[in-house]
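Notes to accompany the following structure.
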Amino acid sequence: MFTSVTQIRVRYGETDQMGYLYYGNYALYYEVGRAEAIRELGFTYRQLEEQGIIMPVAELNVKYLRPAFYDDLITVKTILKELRTDHKIQFHSELYNEKGELLNVGVTTLVFLHTGTKQKSPLPQALKEKLEPFFKQS
């Protein structure tokens, strides 16, 4: 299992009239967590795109447990629970407030596609090699 942790402060413009983090912005927080997780592995989305791979979102599942509020410092935990070798990758996201309370969980499924043809592509070999040590059985 691979886990990455990122923190984001809820900005005023991300809240609704009640001061709650607007429900649509949780997907943006997942995106920040995914981008930073990939960066921790030594890659960026840009580098993958330069190698001819794009990663559109194919599915997003979200469960809201309790609200986040303006100026809260949110911890975004991004988890890869399995190492798939096909054309999909699933990022599990957990958002926590400063008290450590679980606020929100989500699963985002992305697909690897060749940039030019938009055809499915397997997990890029370089990314697979970076991830494999996290999934080795002891």
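All values below come from the heavy atoms of this structure, side chains included, with hydrogens, waters and symmetry mates left out. Model, not experiment: these values are computed from the prediction.
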- Query: Which pairs, with at least one residue in residues 71-112 and sequence neighbours excluded, count as a ring pair (Phe, Tyr, Trp, His ring centres under 6.0 Å)?
  - Reply: none
- Query: Out of curiosity, does Leu113 fall in the hydrophobic cluster containing Met55 (side-chain heavy atoms, cut-off under 4.5 Å, transitive links)?
  - Reply: no
- Query: Which distance, rounded to the nearest 0.5 Å, do you find between the CG of Leu95 and the NZ of Lys77?
  - Reply: 11.0 Å
- Query: Between atom OG1 of Thr108 and atom CZ of Arg34, what is the distance when rounded to the nearest 0.5 Å?
  - Reply: 4.5 Å
Scan the side chains in residues 119-131 for donor-acceptor partners under 3.5 Å anywhere in the protein, sequence neighbours excluded, and list what turns up.
residue	atom	partner	partner atom	Å
Gln125	NE2	Glu129	OE2	3.1

- CD on Glu36 to OG1 on Thr78, rounded to 0.5 Å: 9.0 Å
- Query: Just by modelled atom types, is the Leu73 backbone N or O under 3.5 Å from a matching donor or acceptor in the Glu98 side chain?
  - Reply: yes
- Message: Is there a continuous path of hydrophobic side-chain contacts, each under 4.5 Å between heavy atoms, that joins Leu103 to Tyr22?
- Response: yes
- Task: Indicate yes or no for a side-chain donor-acceptor contact from Tyr30 to the backbone of Val105 under 3.5 Å, with no hydrogens or angles considered.
- Result: yes
- Query: When you measure from the side chain of Arg9 to the backbone N and O of Asp71, does any donor-acceptor pair fall under 3.5 Å?
  - Reply: yes
- Check Glu40 against Thr3 and note the closest heavy-atom contact, atom names and distance. OE1-O, 4.4 Å
- Query: What's the spacing between Asn25 CG and Tyr20 OH if we round to 0.5 Å?
  - Reply: 15.5 Å
- For atom NZ of Lys118, is the number of surrounding heavy atoms from other residues, nucleotides or ligands below 6.0 Å larger than 12? yes
- Query: Under 4.5 Å between side-chain heavy atoms, hopping through other hydrophobics if needed: is there a path connecting Ile79 to Leu83?
  - Reply: no
Please list every donor-acceptor pair under 3.5 Å in which a side-chain atom of residues 57-68 meets a protein atom from a residue at least two apart or in another chain.
residue	atom	partner	partner atom	Å
Glu59	OE2	Asn61	ND2	3.0
Tyr64	OH	Tyr23	O	3.1
Arg66	NH1	Leu102	O	2.7

- OH-CD1 distance between Tyr29 and Ile74, expressed to the nearest 0.5 angstrom: 6.5 Å
- Message: Go through it in stages, so that I can follow the logic: the residues are Thr6 and Arg39, the test is side-chain contact (heavy atoms from CB on, under 4.5 Å), and I'd like the CA-CA distance, side-chain angles, deciding distance and then a yes or no.
- Response: CA-CA 11 Å; Thr6 303; Arg39 188 178 308 278; over 6 Å; no
- Message: For a side-chain contact (heavy atoms from CB on, under 4.5 Å) check, start with the C-alpha distance between Gln90 and Lys81, then their side-chain angles and the critical distance, and finish with the verdict.
- Response: CA-CA 8 Å; Gln90 279 193 327; Lys81 295 184 177 182; over 6 Å; no
- Query: Same cluster or not: are Phe43 and Tyr45 linked, directly or through other Ile, Leu, Val, Met, Phe, Trp or Tyr residues, by side-chain heavy atoms under 4.5 angstrom apart?
  - Reply: yes
- Run the numbers on Leu80 and Phe135 for side-chain contact (heavy atoms from CB on, under 4.5 Å), then give the verdict. CA-CA 10 Å; Leu80 288 171; Phe135 294 92; 4.1 Å; yes
- Inter-residue atom distance Leu28.CG - Ile8.CD1, 0.5 Å rounding: 9.0 Å
- Do the side chains of Leu21 and Tyr26 get nearer than 4.5 Å, heavy atoms only? yes
- Message: Would a single hydrophobic cluster contain both Phe134 and Ile89, if residues Ile, Leu, Val, Met, Phe, Trp and Tyr are joined by side-chain heavy-atom contacts under 4.5 Å?
- Response: yes
- Item | Carboxylate-amine/guanidinium contact Arg84 Asp86, below 4.0 Å | yes
- Query: Would you call Arg46 and Glu49 a salt bridge, taking side-chain N to carboxylate O under 4.0 Å as the test?
  - Reply: no
- Query: If every non-hydrogen atom of Ile53 is compared with every non-hydrogen atom of Thr115, which pair is closest and at what distance?
  - Reply: N-OG1, 3.4 Å
